[in-house]
Amino acid sequence: RYGIAMRAQPIDKIEPAGRGFKVAGEMYRRVLLCTGVKDCVPELYSGCWGTHVLQCPYCHAYEVADRPYAFLATKPADLDHALLLRAWTKQVVLLASFPLDDVQRDRLARGKIRIERRPLRIVEPADDGGVRLRFDDGDLLCDRLFAHPPQCQTELVEQLKLAVDEHDVVTVDEHYETSVPGVHAA
């Protein structure tokens, strides 16, 4: 009715072409991007990502409930996630090498969250199926490490040079059109 074509195929390139866009060899007047973002997993735990290092307790903690977890916080805004993990286990260690104020330490203490201040150096699978966290002066064993890696835009967003905000989210207007006319984002 509206002349909308839906294609279920991987797309790795969108080229502006005249008054439209060339996508997978075909021309379109408008493009709707529904790509989300990518996890930019740090080398520190990239070898264990998705197996021993997990991001979402709603997705993964059920399988490893009631076992000891660690949570790697990289900034104060991450602290609530350590408290959230208590819904799946009583044993949570927060790895935080940044300063904590009295209010933050008190909240974590009330949540029975142990704080580990040493900088994490190596993350590797442990012999027992868990994860070994190595510090300069010793190791910590736990069942899983939870972490929130930084997120970055997909190659398509970068190719099209779409404007992003201070959080690296594609900016859109009230019609969800991006900074490139004819490209919309959902």
[X] atom [atom1]: more than 12 heavy-atom contacts under 6.0 Å:
{"X": "Glu43", "atom1": "CD", "answer": "no"}
{"X": "Tyr62", "atom1": "OH", "answer": "no"}
{"X": "Asp128", "atom1": "CG", "answer": "yes"}

- Query: Does the ring center of His148 lie less than 6.0 Å from the ring center of His81?
  - Reply: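 Aromatic pair counts; centres sit under 6.0 Å.
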- Message: Suppose we call two aromatic rings close when their centres sit under 6.0 Å apart. Are Phe146 and His60 close by that rule?
- Response: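 When the ring centroids of Phe146 and His60 are compared, they turn out to be at least 6.0 Å apart.
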- Item | Connected-component partners of Met27 among ILVMFWY, side-chain separation under 4.5 Å |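 None, because no other hydrophobic side chain comes under 4.5 Å of this residue.
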- Query: When clusters are formed from ILVMFWY side-chain contacts under 4.5 Å, directly or step by step, what else is grouped with Val53?
  - Reply: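 Same cluster as Val53: Val41, Leu44, Tyr45, Trp49, Leu72, Val93, Leu95, Leu120, Val123, Val131, Leu133, Phe135, Leu140, Leu145.
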- Stepwise salt bridge (charged side-chain N to carboxylate O under 4.0 Å, His left out) test for Arg121 and Asp136: CA-CA 7 Å; Arg121 301 295 185 205; Asp136 288 336; 3.1 Å; yes
Under a 4.5 Å cut-off applied to non-hydrogen side-chain atoms, are [X] and [Y] in contact?
{"X": "Leu32", "Y": "Cys34", "value": "yes"}
{"X": "Lys112", "Y": "Arg86", "value": "yes"}
{"X": "Leu162", "Y": "Val183", "value": "yes"}
{"X": "Leu33", "Y": "Leu160", "value": "yes"}
{"X": "Arg117", "Y": "Ser97", "value": "no"}
{"X": "Arg107", "Y": "Ile113", "value": "no"}

Give the minimum heavy-atom separation between [X] and [Y], together with the two atoms involved.
{"X": "Leu84", "Y": "Pro57", "answer": "CD2-CG, 4.0 Å"}
{"X": "Pro68", "Y": "Cys142", "answer": "O-CB, 3.5 Å"}
{"X": "Lys161", "Y": "Ser179", "answer": "O-OG, 4.1 Å"}
{"X": "His167", "Y": "Asp165", "answer": "N-OD1, 2.8 Å"}
{"X": "Leu94", "Y": "Ala73", "answer": "CD1-CB, 3.6 Å"}
{"X": "Gln153", "Y": "Asp168", "answer": "NE2-O, 2.5 Å"}

[atom2] on [Y] to [atom1] on [X], rounded to 0.5 Å:
{"X": "Lys90", "Y": "Leu85", "atom1": "NZ", "atom2": "CG", "result": "15.5 Å"}
{"X": "Arg132", "Y": "Asp139", "atom1": "CZ", "atom2": "CG", "result": "5.0 Å"}
{"X": "Asp78", "Y": "Asp80", "atom1": "CG", "atom2": "CG", "result": "9.0 Å"}

- Query: Is there a donor-acceptor contact under 3.5 Å from the side chain of Gln91 to the main chain of Tyr69?
  - Reply: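 Side chain of Gln91 to backbone of Tyr69, a donor-acceptor pair under 3.5 Å: no, none is there.
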- So, the side chain of Gln104 versus the backbone of Asp101: is there a donor-acceptor pair under 3.5 Å, distance only?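 Yes, Gln104 side chain to Asp101 backbone: donor-acceptor pair under 3.5 Å.
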- Message: Looking at Asp106 and Arg110, is any side-chain nitrogen of the basic one under 4.0 Å from a carboxylate oxygen of the acidic one?
- Response: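 Here Arg110 pairs with Asp106 in a salt bridge, since their nearest N and O are under 4.0 Å apart.
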- Ion pair check, Lys38 and Glu155, cut-off under 4.0 Å: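 Answer for the salt bridge query: yes.
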Please check if [X] and [Y] belong to a single hydrophobic cluster, counting links between Ile, Leu, Val, Met, Phe, Trp and Tyr side chain heavy atoms closer than 4.5 Å.
{"X": "Val180", "Y": "Ile11", "answer": "yes"}
{"X": "Leu156", "Y": "Val37", "answer": "no"}
{"X": "Tyr58", "Y": "Val64", "answer": "yes"}

- Task: Test side-chain contact (heavy atoms from CB on, under 4.5 Å) on His184 and Val31 and set out the steps.
- Result: CA-CA 6 Å; His184 297 259; Val31 173; over 6 Å; no
- Message: Checking Thr74 against Phe98 for the side-chain contact (heavy atoms from CB on, under 4.5 Å) test, could you report, in this order, the C-alpha distance in whole Å, the side-chain angles of both residues, the deciding distance, and whether it holds?
- Response: CA-CA 8 Å; Thr74 58; Phe98 53 86; 5.6 Å; no
- Assess whether side-chain contact (heavy atoms from CB on, under 4.5 Å) is satisfied between Arg19 and Arg29, documenting all intermediate values. CA-CA 7 Å; Arg19 301 185 100 192; Arg29 289 184 310 165; over 6 Å; no
- Message: Under the salt bridge (Lys or Arg N to Asp or Glu O under 4.0 Å) definition, can you give me all pairs with a residue in residues 174-186, not counting sequence neighbours?
- Response: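 Qualifying pairs: Arg30-Glu177.
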- For Arg118 and Asp137, run side-chain contact (heavy atoms from CB on, under 4.5 Å): C-alpha distance rounded to whole Å, both residues' side-chain angles, the deciding distance at 0.1 Å, then the answer. CA-CA 9 Å; Arg118 299 175 293 173; Asp137 60 352; 2.7 Å; yes
